[in-house]
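Right, one structure below, let's go through it.
Residue numbering restarts at 1 for every chain, and letters A, B, ... go by the order of the sequence lines. Every heavy atom of this structure was used, including side-chain atoms; hydrogens, water molecules and symmetry mates were not.
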2 protein chains.
Amino acid sequence: MTLSIASWNINSVRFRIGIVEQFLAEEAPDVLCLQETKVIDGDFPTAAFKAMGYTHIVVHGQRMHHGVAIVSRVPLVEDNRLDWQANGEARHVGVRLENGLRLENVYVPAGGDIPDRELNPKFGQKLDFLQRMTEWSSGLDYPTLLVGDFNVAPLPEDVWSHKALLDVVSHTPVEVEALARLQAAHDWVDLGRHFHPAPARLHTWWSYRAKEWAASDRGRRLDHMWASPALAANAVAHRVCEPCRSWLKPSDHVPLITEFDL
Amino acid sequence: MTLSIASWNINSVRFRIGIVEQFLAEEAPDVLCLQETKVIDGDFPTAAFKAMGYTHIVVHGQRMHHGVAIVSRVPLVEDNRLDWQANGEARHVGVRLENGLRLENVYVPAGGDIPDRELNPKFGQKLDFLQRMTEWSSGLDYPTLLVGDFNVAPLPEDVWSHKALLDVVSHTPVEVEALARLQAAHDWVDLGRHFHPAPARLHTWWSYRAKEWAASDRGRRLDHMWASPALAANAVAHRVCEPCRSWLKPSDHVPLITEFDL
DNA sequence: GTCGTGGGCG
DNA sequence: CGCCCACGAC
C-alpha cells in the first residue's frame with residue numbers, strides 16, 4: 001500500500017481554511033501535519049476537515065501563537081505531546097498510525113532576530129530546543145517520520161544566498177551545527193535532499209515582506225521531512241508544492257509531500 | 001432638469017468601497033453624501049469614485065472615527081466645514097451646487113449609552129450639538145438640503161417599538177424635542193415622512209448585534225434628508241434603499257435617495 | 001457585530 | 001507583510 005504524508009506551516013488554520021481545503025482537494029494526501037495553527041483546540045475547524053474525509057484529527061493548540069495539528073484519512077492515535085522548552089508552548093504532537101509508523105510533527109522556535117545567546121534569549125531557547133530534540137531523537141528505536149517547520153535552512157543551497165544569510169537567524173553556522181547533531185542522533189534521512197540533492201534549488205518559505213517574492217525568489221528551506229533510515233527506504237517520492245505560495249492569501253510557507261510504499 | 005441626491009452612513013468607506021461601487025452602479029445618484037468615512041483625507045479612495053464618473057469630491061475626514069464626504073457627478077464647490085462641538089471632530093461638510101443649491105452633510109454624535117447629561121457627557125454633547133445646529137439653522141436664508149445620520153428617530157413609527165426605546169438613546173423624549181426645535185428653526189421639511197407619512201414603516205438602520213436582523217426587524221430611522229420649504233416643493237421622490245442592508249459585508253445603515261425636479 | 005488602531009510576533 | 005489580540009466606539 002501507498003501512504004502520502006504532507007506537512008505545512010499554515011500561519012493560522014482558521015484564516016487560511018480555504019486554501020487548506022484547496023490543497024487537500026488537489027493533492028489528497030492521506031495525512032496532513034500543520035504548524036502555526038494559532039488556535040485553541042476548541043476552535044479548530046474540525047468540521048471542514050471531516051467534510052473532506054479527514055475524520056481523524058489530533059490537535060495541540062494554544063491561544064495566539066504556535067499550535068500544531070495532524071488531520072488524517074487513515075486511522076491514527078495520539079501518542080505524545082512533548083515540550084522541549086518546558087514552557088507550555090504547543091510546538092509538538094506525535095501520533096501512531098495503524099501500521100506502527102510514528103509521525104512526529106514539530107514547530108521549532110524561530111529564534112528572534114539577533115543570532116546571539118546573550119543578546120537574544122530567544123536564540124538560546126531555539127538552540128536548547130534543538131539540543132533537547134537531539135537527546136529525544138537519540139533514544140528512538142522505532143520507524144519514525146519527523147516533519148515540520150524546523151526554522152533552519154542547513155545547506156548553502158537551501159537559501160537564496162549563503163553569503164547574505166550567514167549571519168541571519170535560520171542559516172547561521174551555530175544553528176546549522178545544532179541541526180546536524182540532531183540529524184546524526186538518529187541517522188535521520190533528509191527526504192528533501194534525498195530526492196532533490198544539492199545543488200538543486202529547494203525552498204519552502206518566502207517572506208511576506210518581499211512584495212515581489214516570486215521575481216526576487218529569496219526563499220529558504222525551513223520545512224523538512226526526516227525519516228528513520230529503514231523508513232526512508234520506503235519513500236518513493238517527495239515534492240515541495242511551491243505554487244501554493246501564490247494562491248490567494250497564502251501562507252509564507254508551502255506544503256511538502258512524501259509518498260511511501262509500505 | 002432632475003437631480004438625485006443620496007446619503008449613506010457607510011461605516012468605513014475603505015472597507016466598504018465594493019458595496020459603494022455596487023450602489024452607485026445600480027442607483028447612479030448624481031450626488032452621494034457619506035458619513036462615518038473613518039479615513040483621513042489623503043487615504044480617501046478617490047480613484048474608485050473618479051473611475052465611476054464621480055469626479056467632484058469634497059472630503060472632511062480624520063483618523064479613526066467620524067469623517068464625512070460628498071462625491072458628485074455634477075460640479076460643486078466646498079462651502080464650509082462646521083464644528084458644532086468645537087472639538088475638531090469631522091462631522092460636517094457643506095457644498096454649493098452650480099444651481100445655487102446648498103447641500104449640508106452632517107454626522108450627529110451618537111450620544112453614548114446612558115440618556116443622562118450628568119452620568120454620560122456624550123449625551124450632553126449630542127444635545128449641545130443639536131442646539132448649535134438649531135442656532136445655525138435659524139439663520140439660513142437660502143435653499144438648503146440637510147442630510148446625514150442625525151442619530152435620532154423622532155416619531156413613534158420611526159422605531160420598531162416606541163415603548164421599548166423610550167429610554168434608549170436615539171429615541172428619548174429629550175432628543176426628540178431637541179430635534180423638533182432644530183426642525184422648527186428653518187421649517188425643515190422631513191422628506192422621508194413627506195413621501196412616506198406615518199404610520200408607514202420607515203427604517204434606515206438595523207444593529208449589527210442582531211444576527212437575525214431581517215427576521216426580527218428591529219430597525220430605527222436615524223438617517224434623514226431635510227429640505228428648505230421652497231426646495232421641498234421640487235422634491236419628486238424619496239426612497240430608502242433597504243436591500244443594501246443584506247449585501248455582503250453591509251453597513252448597519254442603508255442609503256436614502258431624493259429626486260428633485262429643478 | 002463590526003469597524004480602526006496599536007503592539008507582539010515572525 | 002500579515003497574523004492574533006486588546007481596546008474603544010457605535
Are OP1 or OP2 of C/dT2 and a side-chain N or O of B/R16 less than 4.0 angstrom apart?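 Checking B/R16 against C/dT2: no side-chain N or O falls below 4.0 Å of OP1 or OP2.
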Please state whether the rings of [X] and [Y] are parallel, tilted or perpendicular, taking 30° and 60° as the class boundaries.
| X | Y | answer |
| --- | --- | --- |
| A/W8 | A/W247 | perpendicular |
| A/W188 | A/W226 | tilted |
| B/F44 | B/F49 | parallel |
| A/H224 | A/F150 | tilted |

Nearest-angstrom distance from the residue atom [atom1] of [X] to [atom2] of [N]:
| X | N | atom1 | atom2 | result |
| --- | --- | --- | --- | --- |
| A/I40 | D/dC5 | CD1 | C1' | 13 Å |
| B/N11 | C/dG4 | CG | P | 8 Å |
| B/N9 | C/dG1 | CG | C1' | 15 Å |
| B/K249 | C/dC3 | NZ | C1' | 11 Å |
| B/Q62 | C/dC3 | CD | P | 19 Å |
| A/D149 | C/dC9 | CG | P | 18 Å |
| B/W205 | D/dC10 | CH2 | C1' | 8 Å |
| A/K126 | C/dC9 | NZ | P | 16 Å |

With side chains defined as the heavy atoms from C-beta onward, is the minimum distance between B/Q183 and B/D190 less than 4.5 Å?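 Contact flag for B/Q183/B/D190 side chains = yes.
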Is there side-chain contact between A/F123 and A/D116, with at least one heavy-atom pair below 4.5 Å?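 Result no, sub-4.5 Å side-chain heavy-atom pair not found.
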Ignoring hydrogens and angles, state whether a donor on the side chain of [X] or [Y] is under 3.5 Å from an acceptor on the partner side chain.
| X | Y | answer |
| --- | --- | --- |
| A/D217 | A/W206 | yes |
| A/H171 | A/H162 | yes |
| B/D128 | B/W84 | no |

Closest nucleotide of DNA chain D for B/R209 versus for A/F15: which of these residues is on the 5' side?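 So the residue in question is A/F15.
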Output a table of nitrogen or oxygen pairs between the protein and nucleotides 6-8 of chain D separated by less than 3.5 Å.
from, atom 1, to, atom 2, distance (Å)
D/dA6, OP1, A/R63, NH2, 2.6

Please convert DNA chain C into dot-bracket. A pair counts if it is Watson-Crick or G-U wobble with both distances under 3.5 Å; crossing pairs go in [ ] and bases paired with another strand get |. ||||||||||
Please classify the nucleic acid contact of B/H66 as base, sugar-phosphate, or nothing, using heavy-atom distances under 4.0 Å.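 It contacts sugar-phosphate atoms only.
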Just compare C/dT5, C/dC3, D/dC4 and give me whichever is closest to any side-chain atom of A/S12.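 It is D/dC4.
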Among the candidates C/dT5, C/dG10, C/dG1, find the nucleotide nearest to the side-chain atoms of B/R14.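 Out of C/dT5, C/dG10, C/dG1, the nucleotide with an atom closest to B/R14's side chain is C/dT5.
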